[in-house]
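Notes follow once the structure below has been shown.
For ligands, and for the atoms within them, numbers begin at 1 and follow the listed sequence.
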Amino acid sequence: MADIRNIVVLTGAGVSAESGIATFRGPGGLWEGHRVEDVCTPEALARDPELVHRFYDLRRAALAGVVPNAAHLALARLDAAWAGELLIVTQNVDDLHERAGATRLLHMHGELRSASCASCGGREAWEDELPPGSGCTLCGAAALRPDIVFFGEMPYQMERIEAAVAGCDLFVSVGTSGAVYPAAGFVQMARYHGATTLELNLEQSAGSAWFDTTRLGPAGELVPAWVDEVLAR
Ligand code: BJW
């Protein structure tokens, strides 16, 4: 590993798989048997708000029954100990990174424990069920929706993410299939700017060819081992 100071870690559904949260694609995935456009687009929300709100109500409620795993804990340990720049960019909408203790963290695809206003764009913490038509505390419109970035919508904090990716020395991807952009393109951006790139995933992904190194295995084993390596430098 070359000398490193600035690290970006991108995480996906695979980092939470060992906590019991289903990934999206593949056997047993959340979307097995569904067309993406039926569950995860603004059009699906407009067509059947009851169905989409209920889908996210159930997933929000399920967070009470899961806990962070060894991968989340190891990344929180890195966050606490790393003296250089670090940004953990998660595509996940669960809250397991923060419950493990990570603070240098950003949710680019939204959060289950948050609601956003379709009228003013405001966001607020949300713990309970979110019926369609719930009122926004900021603007008063009856327009709160799950704070989830659907296909065709702009992910959160792209400017900050792109600056961190362009400025990092080491880009690490954990538990993501590399199927969804713009996150899938971060590895190419990091490479272009001279970063070393490392993938930690259960299996080869759509993006594996872009990484300098790919290590295959469960995140709960690979991530703690990698964090030990980095902190021992
Ligand atoms: C393990 C493991 C274990 C399992 N250990 N590993 C080109 C450029 C830009 C955009 C596009 C483009 N082409 C197409 C687009 C548009 C679109 C897109 O990407 N479509 C693709 C289908 C092609 N993208 C968008 O619309 C995005 N917005 C956008 O592009 O705005 C315009 C823009 C343009 C230019 C710059 C910037 C912006 C928005 C995407 C929103 C994604 N939202 C979702 C839904 C969240 C809601 C919910 O939770 O229900 O986010 S989609 C879904 O996929 C979710 C995830 O965050 C995301 C990624 O999935 P992830 O995490 O990779 O999960 P899986 O299941 O796919 O993979 C898990 C992996 O883990 C697997 O590899 C396993 O092997 C592994 N694994 N167990 C280690 N124990």
Next on the checklist: Could you tell me, atom by atom, which parts of ligand 1 come under 4.0 Å of a heavy atom of Glu203?
Outcome noted: 74 (C), 75 (O)

Checklist entry - What do you reckon, does Ala219 have a nitrogen or oxygen under 3.5 Å from a nitrogen or oxygen of ligand 1? => result yes

Checklist entry - Only one of Arg113, Gln91, Glu98 clears side-chain hydrogen bond (donor to acceptor under 3.5 Å, both in side chains) with His107; which? => result Glu98

Checklist entry - So which protein heavy atom does atom 61 (P) of ligand 1 come closest to, and at what separation? => result Thr176 OG1, 3.8 Å

Next on the checklist: I'd like to check whether Ser177 has a polar contact with ligand 1, where a contact means an N/O of the residue lying under 3.5 Å from an N/O of the ligand.
Outcome noted: yes

Checklist entry - So which heavy atom in the protein is nearest atom 20 (N) of ligand 1, and how far is it from that ligand atom? => result Phe151 CE2, 3.7 Å

Next on the checklist: As an exercise, identify every atom of ligand 1 less than 4.0 angstrom from a heavy atom of Glu153.
Outcome noted: 27 (C), 28 (N), 29 (C), 31 (O), 39 (C)

Checklist entry - Is there at least one pair of N or O atoms, one from Asn92 and one from ligand 1, spaced under 3.5 Å apart? => result no

Item to check | Option of least heavy-atom distance to atom 76 (C) of ligand 1 (set: Leu10, Asn201, Leu112) | outcome: Asn201

Checklist entry - So which heavy atom in the protein is nearest atom 3 (C) of ligand 1, and how far is it from that ligand atom? => result Gly14 O, 3.3 Å

Checklist entry - Can you tell me which residue and heavy atom of the protein come closest to atom 60 (O) of ligand 1, and the distance to 0.1 Å? => result Arg25 NH1, 3.1 Å

Checklist entry - Are Thr90 and Thr11 close enough that a side-chain donor and a side-chain acceptor fall under 3.5 Å? => result yes

Checklist entry - What atoms in ligand 1 come closer than 4.0 Å to a heavy atom of Gly175? => result 6 (N), 69 (C), 70 (C), 71 (O)

Item to check | side chain to side chain contact (heavy atoms under 4.5 Å, CB included) between Trp210 and Arg191, intermediate numbers included | outcome: CA-CA 8 Å; Trp210 291 103; Arg191 277 179 79 95; 4.2 Å; yes

Next on the checklist: Are any of the N/O atoms on Phe24, whether in the backbone or the side chain, positioned under 3.5 angstrom from an N/O atom of ligand 1?
Outcome noted: yes

Checklist entry - Measuring from the heavy atoms of Arg59, does anything fall under 4.0 Å of ligand 1? => result yes

Checklist outcome for this item: Logged contact type for Gln91 with ligand 1, heavy-atom cut-off 4.0 Å, is both

Checklist entry - Is there a nitrogen or oxygen of Val180 sitting under 3.5 Å from a nitrogen or oxygen of ligand 1? => result no

Checklist outcome for this item: among protein heavy atoms, the one nearest atom 38 (C) of ligand 1 is Met154 SD, 3.1 Å

Checklist entry - Quick one: do Asp169 and Arg5 make a salt bridge, cutoff under 4.0 Å? => result no

Checklist entry - Between the side chains of Thr196 and Asp212, does any donor sit under 3.5 Å from an acceptor? => result no

Item to check | Any Pro182 heavy atom less than 4.0 Å to ligand 1 | outcome: yes

Next on the checklist: Just to confirm my output: which protein heavy-atom neighbour is closest to atom 23 (C) of ligand 1, and how far is it?
Outcome noted: Ala179 O, 3.7 Å

Checklist outcome for this item: A student checking ligand 1 against Gly12 at a 4.0 Å heavy-atom cut-off should list atoms 62 (O)

Checklist outcome for this item: salt bridge (charged side-chain N to carboxylate O under 4.0 Å, His left out) test vs Arg215 passes for just one of Glu229, Glu221, Glu203, Glu199, namely Glu229

Next on the checklist: Within the 4.0 Å heavy-atom shell around Pro218, which atoms of ligand 1 are there?
Outcome noted: 5 (N)

Next on the checklist: Under 4.0 Å from a heavy atom of Gly152: which atoms of ligand 1 are those, numbered in the order shown and with their elements?
Outcome noted: 25 (C), 26 (O)

Checklist entry - Using 30° and 60° as the class limits, which term best fits the ring planes of His72 and His97: parallel, tilted or perpendicular? => result perpendicular

Checklist entry - Using a heavy-atom cut-off of under 4.0 Å, does the side chain or the backbone of Tyr56 touch ligand 1, or both, or neither? => result side chain

Checklist entry - In the protein, what heavy atom is nearest to atom 8 (C) of ligand 1, and what distance, to one decimal place, separates them? => result Tyr181 CB, 3.4 Å

Item to check | Contact atoms of ligand 1, heavy-atom distance to Val93 under 4.0 Å | outcome: 49 (O)

Next on the checklist: What verdict does the salt bridge (Lys or Arg N to Asp or Glu O under 4.0 Å) test give for Arg54 and Asp57, after you've listed the backbone C-alpha separation in whole Å, the side-chain angles of each residue and the deciding distance to 0.1 Å?
Outcome noted: CA-CA 5 Å; Arg54 212 174 104 69; Asp57 283 346; over 6 Å; no

Next on the checklist: Any nitrogen or oxygen of Ile148 lying under 3.5 Å from a nitrogen or oxygen in ligand 1? Just yes or no.
Outcome noted: no

Checklist entry - Any idea which atoms of ligand 1 are less than 4.0 Å away from a heavy-atom of Glu18? => result 3 (C), 5 (N), 80 (N)

Checklist outcome for this item: If you scan protein heavy atoms around atom 43 (N) of ligand 1, the nearest is Val149 O, 2.9 Å

Checklist entry - Between Pro155 and ligand 1, which part of the residue brings a heavy atom under 4.0 Å of the ligand: side chain, backbone, both or neither? => result side chain

